[in-house]
Amino acid sequence: MILFFLQIPLIRYWFCIVLVAIGFVAWQSRKATSSASSTITRKFFHLLALAVYIPGIIYEPYLTHLASSVAVAAFVFIEVGFTLITNMTT
């Protein structure tokens with residue numbers, strides 16, 4: 001039961017980090033692109049990765065592992081699906 005009380009706030013925190021990332025991407029996409037802009041974006045996402053993983057590893061390492069595995073699987077699935085669709089249309 002105690003684990004449940006630790007998991008829900010962590011998931012809410014991760015959701016807020018995702019919203020911040022989406023907002024940052026929307027803001028950056030409106031600006032002119034330059035190498036400095038891509039460097040700032042990359043550094044910001046490194047900071048967000050730290051903001052996600054450090055509390056996750058400290059409070060819920062198994063949930064962090066599960067969430068990371070699901071995210072990687074989703075990215076692979078999307079990439080493979082996109083590649084298959086692209087190859088079928090050419």
Side-chain heavy atoms under 4.5 Å apart, restricted to Ile/Leu/Val/Met/Phe/Trp/Tyr: what other residues fall into the cluster of Phe15, or is it alone?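 Direct or chained contacts put Phe15 with Leu19.
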Starting from Val72, walk the hydrophobic network (Ile, Leu, Val, Met, Phe, Trp, Tyr; side-chain heavy atoms closer than 4.5 Å) and list everyone else you reach, by chain and number.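 Via sub-4.5 Å side-chain contacts, Val72 links to Val76, Val80, Leu84.
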For residues 46-57, which side-chain donor-acceptor pairs fall under 3.5 Å, sequence neighbours excluded?
| residue | atom | partner | partner atom | Å |
| --- | --- | --- | --- | --- |
| His46 | ND1 | Arg42 | O | 3.3 |
| Tyr53 | OH | Ser68 | OG | 2.8 |

By ring-ring contact (aromatic ring centres under 6.0 Å, His included), which residues pair with Phe24, not counting sequence neighbours?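 Listed in chain order: Trp27, Phe44.
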Where at least one partner belongs to residues 11-21, residue pairs that pass side chain to side chain donor-acceptor pair (under 3.5 Å), sequence neighbours excluded: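 Sorted pair list comes back empty.
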Measuring from atom CD of Gln28 to atom OG1 of Thr41, what distance do you get when rounded to the nearest 0.5 angstrom?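 These two atoms lie 3.5 Å from each other.
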Output the distance between atom CZ (Phe45) and atom NZ (Lys43), rounded to the nearest 0.5 Å.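 Rounded to the nearest 0.5 Å, the CZ-NZ separation comes out at 14.0 Å.
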With Ser69 via side-chain contact (heavy atoms from CB on, under 4.5 Å) - residues at least two apart: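 Residues passing side-chain contact (heavy atoms from CB on, under 4.5 Å) with Ser69: His65.
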